[in-house]
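Atoms within a ligand are numbered from 1 in the order they appear, just like the ligands themselves.
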Amino acid sequence: MTKTYDLVGIGNAIVDVISHGDDSFLDNMGIEKGIMQLIDRERAELLYAAMKDRVQTPGGSVANTIAGAGTLGLSTAFLGKVKDDALGRFYAQGMAEQGTDFPNPPVKDAPAPTSRSMIFVSPDGERSMNTYLGAGADFDADDVDASVAGNARWLFLEGYLYDKPEGKTAFTAAADHCRKGGGKVGITLSDPFCVDRHRADFLRLIEGQMDYVIGNHEEWLALYQTDDLDVALAQAATICDIVVCTHSGEPVKIIRGAERALVAVTRITPVDATGAGDQFAAGFLYGMATGRDIEMAGKMGVAAASEVIRHVGPRPKRPLSEVFAEAGLV
Ligand SMILES: OC[C@H]1O[C@H](O)[C@H](O)[C@@H]1O
């Protein structure tokens, strides 16, 4: 019998290698603080060698979301590509251990090795990501398992995959399968630079196929090339049912048709900000998938993000169901 999923994600399957580095280290190594920068293989090796006390963990933005949502009891799958190398096997095993199906087996003859991101966490908790896009970025329409995407109640796509043309066709195919099966499809805008690179295509995709979009304030401003966040969100709401905007330390704004929600956030200094947006999405999508209203879904997103920034690593260290119970959300 075909399995039905509450939530399926598609994104870059990336192994995170995490270490610490202060501002002078970042300067010396030519790393721009607080963003995701793409690097080549040679630089990946250089940065890897410069890392002290490395921690290795499965990462990737949407994969982090799906893993987080899995800890809330949703049935989840992640579609991504890894090579059949040590990191790829580590990645596939890590997803399975966290309870998320990873249907695409590691590829033996993949031309590029498994993707990895060298992440340096600063003393103020900011993270600077240096991503070598390997096999994960070669995900294409042939990698979309129609029986998974077509049986997803909610499908979540990662904007970063747009960096290769194959990612665009994969998204269109997956969204078609999901919508034909009656599911809802959404995207994370991923990063303001990614939005700059693909503005017109993102807008076309959102208008044509997306039921919801999640982004942070910088991404929304970049998408609509404005300084006025409310203008950007109002424009987005004319082409998309559910519009969500996070704004580090500021209230989250959510629009669904005529409904509006403003969800407060408690400011804390993060131990490691990696995955904050990803876990917000996990909590929010859990709320949506279980029929909560947009305000409660937003609160769930905030609670999930608040767990992940209290420790090193992009995924929850304990089930988010426990976090929600403690916060009185379930
Ligand atoms: O959002 C955080 C994630 O983005 C990058 O893709 C890293 O893999 C990290 O886990």
Does a donor on one side chain sit under 3.5 Å from an acceptor on the other, for [X] and [Y]?
X    : Y    : value
D85  : T114 : yes
T4   : N151 : no
D6   : Y286 : no
D145 : S147 : yes

Practice task
For the pair D23 and K33, find out whether any cationic side-chain nitrogen is under 4.0 Å from an anionic carboxylate oxygen.
Solution key: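 K33 and D23: salt-bridged.
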Problem - Close approach, N12 and ligand 1, non-hydrogen under 4.0 angstrom - result: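 The answer is no: ligand 1 sits nowhere under 4.0 Å from a heavy atom of N12.
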Handout entry: Qualifying ring-ring contact (aromatic ring centres under 6.0 Å, His included) pairs, either residue in residues 117-144, two or more places apart
Key =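 For residues 117-144, and leaving out neighbouring residues, the ring-ring contact (aromatic ring centres under 6.0 Å, His included) pairs sorted by first residue read F25-F120.
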Exercise for the section: Would you mind checking which non-hydrogen protein atom is closest to atom 6 (O) of ligand 1, with the distance to 0.1 Å? Expected result: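 Nearest neighbour among protein heavy atoms for atom 6 (O) of ligand 1, to 0.1 Å: I14 CD1, 3.5 Å.
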Can you find an N/O atom of [X] closer than 3.5 Å to an N/O atom of ligand 1?
X    : value
G275 : no
N64  : yes
S117 : no
Y160 : no

Distance filter under 4.0 Å to [X] heavy atoms, resulting ligand 1 atoms:
X    : value
D16  : 7 (C), 8 (O), 9 (C), 10 (O)
P314 : 10 (O)
G59  : 8 (O), 10 (O)
D278 : 1 (O), 2 (C), 3 (C)

Practice task
Give a yes or no on this: more than 12 heavy atoms of other residues, nucleotides or ligands lie within 6.0 Å of atom CD of E250.
Solution key: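 Yes.
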Handout entry: Sole residue of T65, V308, I214 in side-chain contact (heavy atoms from CB on, under 4.5 Å) with D278
Key =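 Exactly one pass, corresponding to T65.
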Problem - M129 and ligand 1 - part of the residue with a heavy-atom distance under 4.0 Å - result: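 The part of M129 near ligand 1 is the side chain, not the backbone.
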